[in-house]
Every structure is written in structure tokens, then in C-alpha cells.
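Contents: one structure, followed by commentary.
Chain naming here is simple, since letters A, B, ... match the order of the sequence lines and numbering starts at 1 in each. Quantities reported herein were computed from a predicted structural model and do not represent experimental measurements.
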Protein chains: 2
Amino acid sequence: MADLVYQNIIADLKKAINAESFPSMKLPDERTLTEHYQVSRSSVKRALNVMANQGIIFKKRGSGTFINPLYLKGGSFFNYNGSNLGVTDSFKAGNRTPGIKLLDFQVIKPSAELQRDLFLKPDDFVYEIKRLRLFDDEPFMIETGFIPIKVMPELTEKIVSSSIFNYLETEKNQEVTRAFLSIFAEPSTDDDQAHLKLKPTEPVGIMEGIFFLDDGTPFEFSTMRLHYQYMKYNTFVTVSGRE
Amino acid sequence: MADLVYQNIIADLKKAINAESFPSMKLPDERTLTEHYQVSRSSVKRALNVMANQGIIFKKRGSGTFINPLYLKGGSFFNYNGSNLGVTDSFKAGNRTPGIKLLDFQVIKPSAELQRDLFLKPDDFVYEIKRLRLFDDEPFMIETGFIPIKVMPELTEKIVSSSIFNYLETEKNQEVTRAFLSIFAEPSTDDDQAHLKLKPTEPVGIMEGIFFLDDGTPFEFSTMRLHYQYMKYNTFVTVSGRE
DNA sequence: GAGTGGTCTAGACCACGAG
DNA sequence: TCGTGGTCTAGACCACTCG
């Protein structure tokens, strides 16, 4: 594990919370934690802020810091572990092994819309990559991605036939760490029904967005059309305005 | 606005970014900003952290801090302003005025699942509130909410016929600031089709989750079934592990 | 090596909640 | 009034990137 002070505090507090070491559902106050861990109060606050943003605890000025009862008890529909971006990571439902079937792979001239979204110059070209994603030979998602040639000139059919994000990490030491995502639903098209084995009354869930590299370069615009039973997006939301 | 140092820095930097005062897409380094605003570096870092979490900027150790080109240019599908929780707030599409039609309002014994989710004791009862939400007399959502009697003993049909969140804020000075949300889609039921004027092939988008008060009390479990054309959930995602 | 963001400290003072 | 979390400061040292 990392050797960062605030990360260690988080790990320790999580362990204590899971061990139900705080029967009153109240954590020690920040100054006591400062004393206990022999660190500065800033580090304690940093750790607590991260945990509050993850929904593990609630802080209440004047009263103290309290454990989210649902984190401890485990809500019915909830198993939120923070966010994952890679598809291969996100949908690890069960022991099923993920597969990829390449449907289309070509170079095209991007639409004006795509040029805006990927921050392209007028004469930049992009790859179009259409892939079917499977679990144990069962298709669950049609993914269409657009990647500028200039950010990945070496892309080949071989790379595209497995996880591009993995390739980035292992071969180029770059990571996709952020994304704008838009989530919605639509009736299934004939194409959806054929690939995902859907009835005409069954819809697709759609996750669409722009993925960024560490340095902020827009890396890919992707549209994911999912069999509706496979799309479940869990999140913890905080109203804006707060840090 | 608030008189907080870091909030002022955020406001000022946003203004400067929108005015395209940084043609290189690079912000001044933190020490320069510290000097310019005559504040501590911690405050500058705090402001920049918030903006990075909102997807406005990217920070790169050893290189500098850069503006997200899409924040400036405006992506095609994107108009992300942070998160909103209240339904009346979230769906302010256009100038259409929101309406509420009460479908059902009663007190019931919660299921075991609901007891877990709202952290209830075995003999606690809950309100069940089923409402149709409209824009200019056009229904777009069926909302079923469960609120423990003990957190809102004074609930009446009158309150329930308009925004409960507004009532909380104005009358009880409490705010719903956080929620666990789960987002998915399903084929529409006969009931959905009747209320939302959907064809049998058209689906509903579903947003379901637990809403919390400031102090961490689970306040409501709500299931929102939306006309699919009205559900569009925009978000900025960061991989977990980072602060 | 110079410049940049990341982590951490030690301490001051403020704002809110409860008794 | 007192205990709690919130904001802010001033400065040290580390880790990464790039010329």
C-alpha cells in the first residue's frame, strides 16, 4: 500500500468501522485522532474529507463525525466501491470471463460534433472502432469508439481486439482517469436486437462520453449500448457548492 | 456569495478561463497564484483541487495546471454544472413549469429491505407517496417515495402535493445534500405506458436511491420511473484511489 | 538542475450546535 | 460556554517532468 499518512488513516478507520469499533456510530473528534495517530490535524481532516466524499461518514460542525449506517449495514441494492472507468473492470459480474468481438475498424473523417468533443483540428482523422462485448459468449454491449489517430498512431487490429485501456497502461504507461459521461436509455434498434438478443419491447441502456488521459488530452469518444439488464450505474452524489 | 478565500479564487479563475485569459491553456503555477491573490499556497491548492474534481482543469505534477479544452469550447452533449438532487431542480428543461399530481398517499409497514435501507426499527412505519411529475401538464415521471414517519411526523397531503425538499429547506431548515443513486432502464409496464403516454416498445429510465439529511439520517427511499426521453444523467467521473 | 505539483506540519482563529 | 468541525496561514520537504 501507499505510504501516505492520510491514506493510512483512511485504511485504519475503515478497518475500525467494519470491525464495529464505534458502537455509538460516532468517530473520535479530529483533535483526538490527531493525537492518536500522531499526525497533524490537516492530515486527519484530509482523510475524513475523502471518506465523507465516498459516503462512508457524515461530518456535522458542532456535533462530530458519524458513520453512515448504510455503509456498515449494507443497503439492499448497494455495493458501491467508488468509480471504475474501464468496461472490462466495471462489469465483473460473477466469474464470467469477458470477451471482445471486433465488428468494424476503420479510419474516418470525424463529424463536426466529434471534432469539437475530441478537440481536433479540421484535418485530423480518427479511428472508428465498433466492438461487441461479451461475458462467456453472451453479448451484453455494443461499443462504438472514436480515437484520434494522432494520440495513438500505432493502433492495430490486434490491439483493438482486446482492452485498449489495458494496452495504454501496460505498454505506454498512460492511464485514463477521468471521463464526462452521459447516461440514458432508448428503445432498441433492429441492430441492437440482433446483436444483444433483445425482444422488440426491450430497451438498451446507453452510456456515452469522452475519456481523458492523465494529462487532459481527450482520448476517446465512446457510445456504449448495453443490454438493459446489464446497465446499472451506482453512484454517491453530493450537491455542488460544497468542496 | 460567500466570503471564503478558496471560493473567491475559484470564481475569479473561472471568470478568467471563460474570458480566455490563458491562451496557452495553462494556468499560472501555484506559487505565482499564491503571490497574485496574496493568500497561502494551501488555499490556492484547495481551489485548484475543487476545480480539478469538477473537470474544469487538469493538474500534472512536474508540468503545470491545464484547462480542460471541453470546458472552454463546450462539448456537444455537455452542459454539466455539478450535481443536483431535487427533481424539481434537476429537470428544469426550458421554460416549462413543473407540476405534481398526487396518486397515492398512505402509511404502510416497510418491507425488510426498506427497513435496512432506511435504518428502521422493526416497529417503525413509513409513508408511501406515489406522485406523477409533469412539465406543462405533460407527465414525464412516476415517483414512489418512502419516508419514515419518525423523521417527518407532520407530513400532510398538502405538503406532499408539492416539493418535499423545498418544504424541508424553507420550513425546517434542513437540507438533503447527499444520495446513493442507482441508474438503469427497463421495458415500460402497462402502468408506465398509461401514465407517461409511452408506446409498448418505449422504455422507462429508472433512478432509484436513498436520500440523506445533512446529519446523515436516511430520509427517503425513492424510485423514479422516467419517460426515457427525459432521463439524461450527466456526470464527471474520476477513478477512485485519488482524493 | 530548475520548475512544478504533492504531502505534511503546527498552529491560529472562526462558526455552529448542544447543554 | 464549551466542544466540534471549517478555514486559513507559512513554511518544509518530496516526487515528477523537461530541457
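- For the residue pair Tyr37(B) and Asp12(B), a side-chain donor N or O sits within less than 3.5 Å of a side-chain acceptor on the partner.
- Taking atom CZ on Arg46(B) and atom C1' on dA10(D), their separation rounds to 17 Å, with Å as the unit.
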Give me, pair by pair, the N or O atoms of the protein and of nucleotides 13-19 of chain D that are less than 3.5 Å apart, along with how far apart they are.
from	atom 1	to	atom 2	distance (Å)
dA15(D)	O4'	Arg61(B)	NH1	3.3
dT17(D)	O3'	Ser63(B)	OG	3.4

Residues 56-64 of chain A side chain polar contacts: donor-acceptor under 3.5 Å, at least two apart:
from	atom 1	to	atom 2	distance (Å)
Lys59(A)	NZ	Asn49(A)	OD1	2.2

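- Aromatic ring pairs are classed by plane angle as parallel below 30°, tilted from 30° to 60° and perpendicular above 60°; the pair Phe211(A) and Phe165(A) is perpendicular.
- Look at Glu143(A) and Lys130(A) and you find no salt bridge, because none of the NZ, NE, NH1 or NH2 atoms lies under 4.0 Å from a carboxylate O.
- Whole-Å rounding puts the Asp29(B) CG to dG5(C) P distance at 5 Å.
- For Leu48(B) and dT4(C), the CG to C1' distance is 12 Å, given to the nearest whole Å.
- Distance alone, capped at 3.5 Å, is enough to place a donor-acceptor pair between the Tyr127(A) side chain and the Pro153(A) backbone.
- Checking dT7(C), dG6(D), dT9(C) against every side-chain atom of Lys59(A), the shortest atom distance belongs to dG6(D).
- A cation-pi geometry, defined here as NZ or CZ lying under 6.0 Å from the six-membered ring centre and within 45° of its normal, does not hold between Arg178(B) and Phe212(B).
- Between Gln38(A) atom CD and dC8(C) atom P the separation is 15 Å, expressed in whole Å.
- If you check dT7(C), dT9(D), dT7(D) against the side chain of Tyr6(B), the one that comes closest is dT7(D).
- The CD-P distance, from Glu30(A) to dC2(D), rounds to 21 Å in whole Å.
- With the 3.5 Å cutoff on both pairing distances, Watson-Crick and G-U pairs in DNA chain C assemble into runs of at least 3 at C:1-18 with D:1-18.
- The NZ atom of Lys26(A) sits 10 Å away from the C1' atom of dG5(D) (whole-angstrom rounding).
- Between Thr65(B) and the phosphate of dT4(C), there is no side-chain N or O to OP1/OP2 separation shorter than 4.0 Å.
- Taking for each of Leu27(B) and Val5(A) the nucleotide of DNA chain C with the nearest heavy atom, the 5'-most of the two is the partner of Leu27(B).
- Of the two residues contacting DNA chain C, namely Thr32(B) and Ser42(B), the nearest-nucleotide position lying further toward the 5' end is that of Thr32(B).
- Checking dT9(D), dT9(C), dG6(D) against every side-chain atom of Lys45(A), the shortest atom distance belongs to dG6(D).
- With hydrogens and angles left out, the side-chain atoms of Glu154(B) and Tyr167(B) include a donor and acceptor closer than 3.5 Å.
- A donor-acceptor pair shorter than 3.5 Å cannot be found between the side chains of Ser182(B) and Glu208(B).
- Ring orientation note: the planes of Phe221(A) and Phe146(A) are tilted relative to one another, at an angle of 30° to 60°.
- Taking atom CG on Asp214(A) and atom P on dG5(C), their separation rounds to 16 Å, with Å as the unit.
- dG6(D) atom P lies 14 Å from atom CD of Gln7(B), rounded to whole Å.
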